[in-house]
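Below you'll find the structure, written out as structure tokens, and then a few comments.
Along the sequence shown, residues are numbered consecutively beginning with 1.
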Amino acid sequence: MPRVQLIDAEGQNRGDVSINDALLLAEEAGLDLVEISPNAVPPVVKILDLGKLKYANQKKAAEARKNQKVIEIKEIKMRPNIDSHDYETKMKAVRRFFEEGDKVKLTLRFRGREMAHMELGMQLLNKVREEVAPIAKVEAEPKLEGRQMMMVLAPR
């Protein structure tokens with residue numbers, strides 16, 4: 001006859017009992033017999049209301065979900081010959097995104113003759129990289145895709 005370690009509805013340890021005795025006690029109490037730790041020797045079972053247990057676990061999971069931050073990727077679009085004031089404004093936004101814990105995808109769009117001066121775009125992205133170095137790290141190095149250059153930064 002298999003034996004189990006029984007904990008009753010009040011949380012008292014009843015010790016080593018046979019499974020049949022445990023089931024009878026649970027039925028008398030009008031509750032369920034729930035296996036708490038199956039790998040213990042003997043296995044530990046507890047007399048409790050399974051519905052309440054499931055409800056408590058759902059509440060705990062919902063609470064955990066509520067407290068976690070979803071990391072978003074925010075996109076900042078620039079042009080290679082961006083004006084210094086516009087650049088500062090965009091950098092303020094970048095810093096704010098890092099403070100909120102989001103990643104930032106910088107996109108440089110090249111139009112027309114700007115395509116002949118890719119090095120200007122590279123210089124701009126390197127300038128951004130150096131400016132945010134203390135608070136962010138480069139996750140995806142600058143790369144060219146068609147007419148745009150991209151770089152992804154993540155907060156440290």
Side-chain angles (χ1 to χ4, degrees), residues 2-17 19 22-80 82-109 121-156:
R3 306 200 51 85
V4 291
Q5 179 86 17
L6 179 68
I7 297 168
D8 66 17
E10 287 79 48
Q12 303 298 316
N13 192 343
R14 289 288 186 89
D16 204 5
V17 297
I19 281 190
L23 283 167
L24 286 171
L25 285 166
E27 209 163 294
E28 279 171 25
L31 296 169
D32 306 305
L33 189 66
V34 180
E35 190 172 38
I36 301 296
S37 99
N39 300 336
V41 180
V44 178
V45 295
K46 187 173 185 178
I47 296 175
L48 48 76
D49 185 343
L50 191 59
K52 277 186 183 166
L53 179 72
K54 282 183 175 172
Y55 179 73
N57 286 347
Q58 274 178 336
K59 286 295 255 192
K60 211 185 295 177
E63 190 64 34
R65 272 197 305 276
K66 195 174 85 180
N67 291 332
Q68 74 187 19
K69 166 93 174 86
V70 176
I71 294 181
E72 295 178 34
I73 294 189
K74 306 282 190 176
E75 186 171 18
I76 296 280
K77 292 184 176 175
M78 294 184 184
R79 296 279 306 283
I82 189 169
D83 186 62
S84 60
H85 181 265
D86 295 340
Y87 174 80
E88 288 309 318
T89 308
K90 301 250 186 201
M91 288 310 289
K92 256 187 217 147
V94 168
R95 287 191 191 89
R96 192 181 72 239
F97 293 149
F98 287 139
E99 281 161 23
E100 291 166 8
D102 294 320
K103 292 181 181 179
V104 174
K105 175 180 173 184
L106 280 166
T107 306
L108 273 184
R109 170 152 289 139
M122 236 11 222
Q123 286 167 10
L124 181 63
L125 288 178
N126 286 332
K127 181 177 166 187
V128 171
R129 173 193 298 191
E130 283 159 25
E131 233 172 272
V132 297
I135 56 171
K137 59 184 184 289
V138 176
E139 197 167 82
E141 289 295 327
K143 67 173 186 278
L144 191 67
E145 288 180 7
R147 291 189 162 273
Q148 48 190 21
M149 198 178 273
M150 285 174 210
M151 174 168 78
V152 179
L153 299 163
R156 283 199 190 279

Side chains of [X] and [Y], heavy atoms from C-beta outward: is any pair under 4.5 Å?
X	Y	answer
V132	V94	yes
I7	Q12	no
P142	M122	yes
V34	V45	no
E145	M150	yes
M151	R129	yes
L153	E139	no
I47	L25	yes

* **Whether over 12 other heavy atoms sit under 6.0 Å from E27 CD** =>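 No, because the 6.0 Å sphere around CD of E27 holds 12 heavy atoms or fewer from other groups.
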* Would you please name every residue forming a salt bridge (Lys or Arg N to Asp or Glu O under 4.0 Å) with K66, sequence neighbours left out? =>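 Counting only residues at least two positions away or on another chain, K66 forms a salt bridge (Lys or Arg N to Asp or Glu O under 4.0 Å) with E63.
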* Asked: Between E141 and K143, is there a salt bridge with N-O shorter than 4.0 Å?
  ->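 Salt bridge: no.
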Would a distance-only check, ignoring hydrogens and angles, find a side-chain to backbone donor-acceptor pair under 3.5 Å from [X] to [Y]?
X	Y	result
D32	L50	yes
R109	Q148	no
R3	P43	no

* side chain to side chain contact (heavy atoms under 4.5 Å, CB included) between L6 and D16, worked out -> CA-CA 7 Å; L6 179 68; D16 204 5; over 6 Å; no
* Regarding K127 and the six-membered ring of Y87, is the cationic atom NZ or CZ under 6.0 Å from the ring centre and inside 45° of its axis? ->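 K127 over Y87 ring: yes.
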* Between L31 and L48, does a side chain to side chain contact (heavy atoms under 4.5 Å, CB included) hold up when you go through it step by step? -> CA-CA 5 Å; L31 296 169; L48 48 76; 5.5 Å; no
* To do: Show your reasoning for whether side chain to side chain contact (heavy atoms under 4.5 Å, CB included) applies to I82 and L124.
  => CA-CA 9 Å; I82 189 169; L124 181 63; 4.0 Å; yes
